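Everything on this sheet refers to the single structure shown next.
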Amino acid sequence: MNYWLMKSEPDEFSIDDLMACPNQTEAWHGIRNYQARNFMRDMMQVGDQAFFYHSSCKVPGIVGIVEVVTRPYPDSSAFNPNSKYFDPKSDPAQPRWVSVDIRFVEKFNDIIPLSLIKTLPQLADMYLVSKGSRLSIQPVTAEQWHAVLMLTR
DNA sequence: GCCAACGTTGGC
DNA sequence: GCCAACGTTGGC
């Protein structure tokens, strides 16, 4: 059982969009970074939990919790020329990119802003606040997970 | 919109 | 394998 942080631009796919999905579950498409893919492909397990993070928006921050509900499987959007995630170099016989399905667990009453996280000593080691951090899927330690949850309770 | 920090590509 | 050029991410 691992903890993660997964970024999404709310203009593209917000936690409210996830809540509105059938079974409040959706495929996590479009990971096109090898390090993020490797985390997903090699480390993610059914039952893992992740913070849902809104990026590239007015108030970036953690907005809730989701759960991984499938094993990794080939990301079909890589084979779809009409998808913005199309990758002509991904061979269907040997898929380069993977997806998992995630299910909504909880939406926090208030967003936990990145600006707040940056001020907290107990979260100073989060990958999210490390210099040059760009990964859209990041591991979170149990200590960090619980420290964040403390802010919501 | 700016730009720092990364990641990827491709010539050599 | 090096590295310059280019592309992307994402906070501000």
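Because the structure is predicted, anything quoted here is derived from the model rather than measured. Reminder, nothing fancy here: chain letters follow the sequence lines and each chain counts from 1.
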- Answer with base, sugar-phosphate or nothing: what part of the nucleic acid does A:Lys118 contact at a heavy-atom distance below 4.0 Å?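 If one applies the 4.0 Å heavy-atom cut-off, A:Lys118 turns out to touch the sugar-phosphate alone, with no base involved.
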- With a 4.0 Å cut-off, would you call A:Arg37 and A:Asp42 a salt bridge?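 A salt bridge is absent here (no side-chain N lies under 4.0 Å from a carboxylate O).
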- Message: If we check ring-ring contact (aromatic ring centres under 6.0 Å, His included) with A:Trp28, which of these qualifies: A:Tyr73, A:Tyr85, A:Phe39, A:Phe52?
- Response: A:Phe52
- Going 5' to 3' along DNA chain C, which nucleotides are the first and last within contact of chain A (any atom under 4.0 Å from a heavy atom)?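 First and last nucleotides in contact are C:dG7 to C:dC12.
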- Message: Going by side chain to side chain donor-acceptor pair (under 3.5 Å), name the pairs with one or both residues in residues 13-22 of chain A, residues two or more places apart or in two chains.
- Response: A:Ser14-A:Asp17, A:Asp16-A:Lys107
- Sequence neighbours left out, what passes side chain to side chain contact (heavy atoms under 4.5 Å, CB included) with A:Ser136? Give chain and number order. A:Lys7, A:Ile31, A:Ala36
- Pick out which of A:Ile15, A:Ile62, A:Val63 makes a side chain to side chain contact (heavy atoms under 4.5 Å, CB included) with A:Phe108.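 For A:Phe108, the side chain to side chain contact (heavy atoms under 4.5 Å, CB included) check succeeds only for A:Ile62.
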